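Note on naming: letters A, B, ... go to the chains in the order of the sequence lines (proteins, then strands), and numbering restarts at 1 for each one. Bear in mind that the values here come from a model prediction, so they are computed numbers and not experimental data.
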There are 2 protein chains.
Amino acid sequence: MSVPLYQAKAEMFRTLGHPVRIRVLELLQAGPRPVRELLSEIDVEPSNLSQQLAVLRRTGVVVSFRDGGLVMYALSTPDVAELLAAGRRILGAVLADRDGLLAELNAHPPAG
Amino acid sequence: MSVPLYQAKAEMFRTLGHPVRIRVLELLQAGPRPVRELLSEIDVEPSNLSQQLAVLRRTGVVVSFRDGGLVMYALSTPDVAELLAAGRRILGAVLADRDGLLAELNAHPPAG
DNA sequence: TGCCGAATTGCAGAAGTCTTCAATTCGGGT
DNA sequence: ACCCGAATTGAAGACTTCTGCAATTCGGCA
């Protein structure tokens, strides 16, 4: 497998590695939304949101188009929703492992 | 949904956002491997690989244990493989869209 | 044309990440 | 105890990303 392909994969994941960008993608799972609405649901400066949307656009995970006076954003492919779902599962598994380990530690004091 | 949870999700994706870390995870899909072997397959300094492995460990996507004189690494959950697969699909979709658009542009010159 | 809200861009300082070096830890074998 | 290879850690400099401000673009509408 070629080196640039690893670069592309890494870039794709790095694109998702930001709280605002994650929130945007989760909101877009329910369908296209105008910037205005994203702004009202995510506590962030307009210029900052624009920057983050630009990052998502550059990588191609979202697309934008105009609808009347508003700019709309949408997921470029439903696969993105799957990626987020897989991420949630891993997070769940990791946290469960941690809690499980913590619980086990508590159940068996130092001498155990 | 709480703000720290978005932080955790973002951190989880950011963890994958590095070519060396992606390669490590892909190699680990086939089963646990010693650091030594990862080193021989990824062209990177030992200390650098260690740093990247530490990042993966911190987030909990991999675990490590000792086997004889070697340190082994393994995926902490098979869900990680699914995440990588979803990433591949999106990358495919995005690149196909780009190529498709490019092809269409070439098929319909300026006047079209 | 001129105005208004919507959205983006440019920029600069702060904050974080990456890479490599040298130094260190850790077990295993003798 | 000593040495050796395996792996990790610490730290510094180069580089990238993030954030908020001000300035700008863009479309729609009077």
### Query
Nearest-Å distance, CD1 (B:Ile42) to C1' (D:dA7)?
15 Å
### Task
Would you confirm whether A:Ser76, through its side chain, and A:Gly60, through its main-chain N or O, come within 3.5 Å as a donor-acceptor pair?
yes
### Query
To the side chain of A:Ser50, which of D:dT8, C:dA7, C:dC18 is closest?
C:dA7
### Query
Is it true that a side-chain atom of A:Arg88 and a backbone atom of A:Leu83 form a donor plus acceptor pair closer than 3.5 Å?
no
### Message
Can you tell me which nucleotide in D:dG20, D:dT8, C:dT19 comes closest to the side chain of B:Arg57?
### Response
D:dT8
### Query
Given side chains that start at C-beta, do those of A:Val24 and A:Tyr73 come closer than 4.5 Å, heavy atoms only?
no
### Message
Please compare B:Glu37 and B:Gln51 by the position of their nearest nucleotide in DNA chain D and report the one closer to 5'.
### Response
B:Glu37
### Task
Give a yes or no answer on whether the side chain of A:Ser40 reaches the backbone of A:Glu37 with a donor-acceptor pair at less than 3.5 Å.
yes
### Summary
A:Leu39 CG to C:dA7 P, in whole Å, measures 7 Å
#### Entry: Selected nucleotide, minimal atom distance to A:Arg21 side chain, candidates D:dT9, D:dC18, D:dG20
D:dC18
### Separation of D:dG20 C1' from A:Asn48 CG (nearest whole Å)
8 Å
### Message
Within the 4.0 Å heavy-atom criterion, would you say A:Leu70 contacts the bases, only the backbone, or no part of the nucleic acid?
### Response
sugar-phosphate
### Summary
Result for 5'-nearest mapping on DNA chain C, choosing between A:Pro34 and B:Glu45, is A:Pro34
### Query
Is there a side-chain contact between B:Val94 and A:Thr59, using heavy atoms and a 4.5 Å cut-off?
no
With 3.5 Å as the limit, what N/O pairs link the protein to nucleotides 24-30 of chain D?
none

### Query
If you pin B:Met72 and A:His18 to their nearest nucleotides in DNA chain D, which one's is more 5'?
B:Met72
### Message
Within the 4.5 Å heavy-atom criterion, are B:Met72 and B:Ser64 side-chain neighbours or not?
### Response
no
### Task
Output yes when a side-chain donor or acceptor of A:Thr77 lies under 3.5 Å from a complementary backbone atom of A:Asp79, and no otherwise.
yes
### Summary
Of the listed C:dT8, D:dT19, D:dA6, the closest approach to the A:Tyr73 side chain comes from C:dT8
### Query
Roughly how many Å is it from CZ in A:Arg36 to C1' in C:dA7, rounded to a whole number?
9 Å
### Query
Between atom CD in B:Gln7 and atom C1' in C:dA15, what is the gap in whole Å?
14 Å
### N or O in side chain of A:Arg14 less than 4.0 angstrom from D:dT16 OP1/OP2
no
### Query
Under 3.5 Å, side chain of A:Arg21 to main-chain N/O of A:Thr15, donor-acceptor pair present?
yes
### Query
Expressed in angstrom and rounded to an integer, what is the separation of A:Gln52 atom CD from D:dG20 atom P?
10 Å
## Note on the structure
Whole-Å distance, B:Phe65 CZ to C:dG27 C1', equals 16 Å
### Message
A side-chain contact here means heavy atoms from C-beta on lying under 4.5 Å apart; do A:Pro34 and A:Asp67 qualify?
### Response
no
### Message
What does the 5'-to-3' dot-bracket notation of DNA chain C look like when only Watson-Crick and G-U wobble pairs under 3.5 Å count, and pairs to other strands show as |?
### Response
||||||||||||||||||||||||||||||
### Query
B:Phe13 has an atom CZ; how far is it from atom C1' of C:dT17, in whole Å?
20 Å
### Message
Donor-acceptor pair, distance only, cut-off 3.5 Å: does the side chain of B:Arg58 make one with the backbone of B:Leu53?
### Response
no
